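Let me begin by presenting the structure, written as structure tokens, before commenting on it.
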Amino acid sequence: MRVQSSATAPTGIAVPTVPTPARTFGTAQAALGVAAFSLTFPATAWGLEGFGPWSLVAVRSVLAALVAGGCLLALRIPLPARAHRPGLAVVAAGVVVGFPLLTTLALQTSTTAHAAVVVGLLPLTTALLSALRVGTRPSRTFWAAALAGAAAVVAFTVQQSGGTLTTADLYLVAALLVCAAGYTEGGRLARTMPGWQVIAWALVLCLPFSVPAAALALSHEPVQLTAHSVAGLLWVAAGSQFLGLVVWYRGMAAIGIPKASQLQLAQPLLTLVWSVLLLGEHLTVAAPLTAAAVLVCIAVTQRARG
């Protein structure tokens, strides 16, 4: 039988060491989640071409919940334990409702480049909340690299937006906070239940609210079905809202919330690449330089003691 080694945390409690193959697979899954999330803002911009902001958020939640609920029923998954339900409510409020709604409202008046500031600060905020909620204690090297990466991303995205603040900033700051809370709680739950069930139950939990919200929004906001709007809606529902979060929570459970969160430092840069390819936005020569700096910071956080 293979014996798993353990390390001693600063609290004196022995903590199992994740085997290298599992850690590598966990990193790959978290990276896939980041890739899926990087398309969220461009896909949302496409969706807003044919849907109102409230309709887009409510319908994406309903569609994602139908996919998740179908999986739960097909596999005959029992209801989550009562002790898990408060955490699932936090995931639902932050990741299923809060972040999509607030960023969609922001993208009505903000470019994807400016909105990427939120994602640039999300890894650091998630790591901080993880330290408070879960008790993780990354090393000073980790924090230094995380701060440097966040600073590089923020500097780049602010430069991309011309250094000006917009009325959308309040939405973006609020989205940052609720999403970090949802990520932290989801990563904690994924240690005791499969990651895909975390987001699946969170989506199903929202159905009693998202269905009437979708009906109300669709009755008040005009809808114009186009190839872009339909493709955008389908991606934010299936890709960002469900599949991306499935691999993301699995990755966080495998390598830890702080290290997984720092992979998201690459997300704003990926988003900006997609914004050029899909939305026709323009980047400056600072993009490759920032990308190189961020990749170095990610490498340091992944090797630092977590």
Side-chain angles (χ1 to χ4, degrees), residues 26-51 53 55-72 74 91-92 94-104 106-107 112 115-116 118-119 122-123 126 175 178-179 182-183 186-187 190 194-207 210 214 225-252 260-261 263-264 266-279 281:
T27 301
Q29 290 184 97
L32 282 175
V34 171
F37 300 153
S38 70
L39 275 163
T40 300
F41 284 173
T44 299
W46 271 10
L48 286 172
E49 293 180 12
F51 295 90
S55 298
L56 182 62
V57 172
V59 173
R60 74 181 272 185
S61 179
V62 171
L63 292 179
L66 291 176
V67 174
C71 293
L72 292 170
V91 175
V95 178
V96 177
V97 178
F99 187 77
L101 176 60
L102 292 166
T103 53
T104 299
L107 284 171
T112 56
V118 174
V119 181
L122 186 55
T126 303
V178 298
C179 188
Y183 280 173
W196 77 270
Q197 291 183 27
V198 173
I199 185 56
W201 283 119
L203 285 164
V204 171
L205 187 65
C206 289
L207 264 179
S210 58
L225 297 181
T226 64
H228 276 186
S229 63
V230 172
L233 171 63
L234 291 178
W235 178 259
V236 294
S240 303
Q241 194 84 77
F242 184 60
L243 297 177
L245 285 168
V246 167
V247 292
W248 175 243
Y249 283 138
R250 285 175 62 90
M252 282 201 292
S261 69
L263 292 173
Q264 279 197 298
Q267 186 174 326
L269 302 176
L270 290 173
T271 296
L272 292 173
V273 170
W274 291 123
S275 72
V276 171
L277 297 176
L278 301 177
L279 304 177
E281 296 185 5

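As the structure is a prediction and not an experimental result, all values here were calculated from the model.
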Measure from the side-chain N and O atoms of Q241 to the backbone N and O of V95, and report whether any donor-acceptor pair falls under 3.5 Å.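 It does hold such a pair.
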Examine distances only and state if a side-chain atom of S55 and a backbone atom of F51 form a donor-acceptor pair shorter than 3.5 Å.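 Absent.
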Who are the side-chain contact (heavy atoms from CB on, under 4.5 Å) partners of [X], not counting sequence neighbours?
X	result
L66	V62
V204	L72, W201
L243	none
V97	C206

All side-chain hydrogen bond (donor to acceptor under 3.5 Å, both in side chains) counterparts of [X], not counting sequence neighbours:
X	value
T271	none
Q197	none
S38	W274
T104	none

Is there a side-chain contact (heavy atoms from CB on, under 4.5 Å) between T44 and T40 once you walk through the steps? CA-CA 6 Å; T44 299; T40 300; 4.0 Å; yes
From CG (L279) to CD (E49), nearest 0.5 Å: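 It comes to 8.0 Å.
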Might you work through the side-chain contact (heavy atoms from CB on, under 4.5 Å) test for Q264 and Y183, ending with a clear yes or no? CA-CA 12 Å; Q264 279 197 298; Y183 280 173; 3.4 Å; yes
Non-hydrogen atoms of [X] and [Y] that approach each other most closely:
X	Y	result
M252	A260	CG-CB, 3.4 Å
L101	V57	CA-CG2, 3.6 Å
S61	L203	O-CD2, 4.3 Å
L263	A31	CD1-N, 4.0 Å

Tell me, do Y249 and V91 make a side-chain contact under 4.5 Å, heavy atoms counted?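 Y249 vs V91: side chains touch.
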So, do L277 and V273 sit near enough that their side-chain heavy atoms are less than 4.5 Å apart?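 Heavy-atom side-chain distance check passes, below 4.5 Å.
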Chi angles and distances behind the side-chain contact (heavy atoms from CB on, under 4.5 Å) call for S240, W235: CA-CA 6 Å; S240 303; W235 178 259; 3.3 Å; yes
For F37 and W248, what are the C-alpha separation, side-chain angles and deciding distance, and is it a side-chain contact (heavy atoms from CB on, under 4.5 Å)? CA-CA 9 Å; F37 300 153; W248 175 243; 3.6 Å; yes
